[in-house]
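Notes follow once the structure below has been shown.
Computed over heavy atoms, backbone and side chain alike; hydrogens, waters and symmetry mates excluded.
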Amino acid sequence: MQQFPNDIGWIEVICGSMFSGKTEELIRRIKRAVYGKQAVQVFKPRLDNRYDETQVVSHSQLKLTSIPIERAEEIFHHLSPKTQVVGIDEVQFFGAEVVAVCEALANRGIRVIVAGLDQDYQGRPFEPMPQLLAIAEYVTKQLAICVVCGNPANRSQRLVDSGERVVVGAAGAYEARCRKCHRAEPTEATPPQTLDLFEH
Ligand SMILES: Nc1ncnc2c1ncn2[C@@H]1O[C@H](COP(=O)(O)OP(=O)(O)O)[C@@H](O)[C@H]1O
Ligand SMILES: Cc1cn([C@H]2C[C@H](O)[C@@H](COP(=O)(O)O)O2)c(=O)[nH]c1=O
Ligand SMILES: [Zn+2]
């Protein structure tokens, strides 16, 4: 009989806007799995090279070693038979194929934790996230803080002039906004708050 690492696998989705803490939450769960002596592998799309080519890096500079891949199916080439937990960051950059890959991993008894955007810069559902949300056992929706008004933010405001859905970037290219302050078209950046609190 084929042996699976856990009795049962499942899919956890961490979604939300940019700056909402998706990567921090992914890193937190992976760290806890490591404390629990679980065998873990983390993947990210090669496209996401903004802070580092190989590491998963949060906007607050938390870091995690990962394997960069171009297509979700490559996970099977890298997968160790011992792996009990698979993490995937920036899952919105993979095509629809990532849904079947996550299903197959969970069906093998693996705990699959994916993090990604649920909406694009225009506030439209960002595929394949809707499909992942539908099949996941656990869903966590993160919120950032709107940089315009301070309310909870579930949208990512684009600040650079492009109509392409995929434009890799961080602060300077996007900011977190609530539904009232968000605009579907790219806008000027909001002047930053001066935060004496964090000055050295
Ligand atoms: N407008 C904002 N709202 C909340 N956090 C922000 C904001 N701008 C920057 N941050 C920082 O971003 C961190 C979250 O980073 P990260 O986990 O990489 O988010 P995500 O993966 O959702 O883009 C926060 O802990 C905070 O330090
Ligand atoms: C809204 C939106 C974002 N992106 C890009 C910008 C970043 O490279 C990632 C999101 O990173 P984060 O970890 O969630 O901060 O996605 C995009 O390509 N298209 C969009 O519409
Ligand atoms: Zn707002």
Any side-chain to backbone donor/acceptor pair from [X] onto [Y]? Under 3.5 Å, distance only.
X      : Y      : value
Glu97  : Ala72  : yes
Glu175 : Arg158 : no
Gln41  : Ser80  : yes
His182 : Tyr121 : yes
Asp120 : Gly123 : yes
Gln142 : Cys15  : no

[atom1] of [X] to [atom2] of [Y]: how many Å apart, nearest 0.5 Å?
X      : Y      : atom1 : atom2 : answer
Leu132 : Ile14  : CG    : CD1   : 12.0 Å
Ser20  : His59  : OG    : NE2   : 8.5 Å
Ile145 : Arg177 : CD1   : CZ    : 15.0 Å
Gln157 : Ser17  : CD    : OG    : 11.5 Å
Gln61  : Asp52  : CD    : CG    : 9.5 Å
Glu103 : Gln131 : CD    : CD    : 11.5 Å

Check the pair Ile110, Val85 against side chain to side chain contact (heavy atoms under 4.5 Å, CB included), reporting the backbone distance first and the verdict last. CA-CA 6 Å; Ile110 292 172; Val85 181; 5.7 Å; no
Going by heavy atoms in the side chains, are [X] and [Y] under 4.5 Å from each other?
X      : Y      : answer
Glu12  : Glu137 : no
Val86  : Ile113 : no
Leu64  : Ile30  : yes
Cys178 : Cys149 : yes
Phe43  : Glu74  : no
Arg71  : Phe94  : no
Ser156 : Leu117 : yes
Lys82  : Val40  : no

ILVMFWY cluster, [X] and [Y] together (side-chain gap under 4.5 Å):
X      : Y      : answer
Leu159 : Met18  : no
Val114 : Leu133 : yes
Tyr35  : Leu62  : no
Leu47  : Val56  : no
Leu26  : Val34  : yes

Side-chain donor-acceptor contact under 3.5 Å, [X] with [Y]:
X      : Y      : value
Asp89  : Thr23  : yes
Gln119 : Arg155 : yes
Ser60  : Glu24  : yes
Thr54  : Arg46  : no

Please lay out, stage by stage, how Val91 and Met129 fare under the test side chain to side chain contact (heavy atoms under 4.5 Å, CB included). CA-CA 8 Å; Val91 73; Met129 190 51 90; 3.7 Å; yes
Over all atoms of both residues, closest heavy-atom pair of [X] and [Y]:
X      : Y      : answer
Ala144 : Ala176 : CB-CB, 3.6 Å
Tyr174 : Val167 : OH-O, 2.7 Å
Val112 : Ala106 : CG2-N, 3.8 Å
Pro45  : Phe93  : CG-CB, 3.7 Å
Gly95  : Pro128 : O-CG, 3.9 Å

Kindly determine whether Asp118 and Lys141 satisfy salt bridge (charged side-chain N to carboxylate O under 4.0 Å, His left out), including the steps that lead there. CA-CA 9 Å; Asp118 51 2; Lys141 179 140 178 165; 2.8 Å; yes
Show, in sequence, the C-alpha distance, side-chain angles and deciding distance for Lys63 and Gln55, and conclude whether the side chain to side chain contact (heavy atoms under 4.5 Å, CB included) test is met. CA-CA 6 Å; Lys63 292 178 184 162; Gln55 295 193 98; 3.7 Å; yes
Would Ile69 and His78 count as a side chain to side chain contact (heavy atoms under 4.5 Å, CB included) here? Give the steps. CA-CA 10 Å; Ile69 51 173; His78 295 281; 3.9 Å; yes
Exceeds 12 heavy-atom contacts within 6.0 angstrom, atom [atom1] of [X]:
X      : atom1 : value
Arg50  : CZ    : yes
Glu164 : CD    : no
Glu185 : CD    : yes

Under the side-chain hydrogen bond (donor to acceptor under 3.5 Å, both in side chains) criterion, do Arg108 and Thr83 qualify, and how do the steps go? CA-CA 10 Å; Arg108 285 188 190 195; Thr83 293; over 6 Å; no
Would Arg165 and Phe126 count as a cation-pi pair here, with the cationic atom under 6.0 angstrom from the ring centre and within 45° of the axis?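 That pair qualifies as a cation-pi contact.
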Please evaluate residues Glu25 and Arg28 with respect to the criterion salt bridge (charged side-chain N to carboxylate O under 4.0 Å, His left out), reporting the C-alpha separation (whole Å), side-chain torsions for both, the decisive distance (0.1 Å), and the verdict. CA-CA 5 Å; Glu25 179 60 17; Arg28 189 185 76 87; 3.0 Å; yes
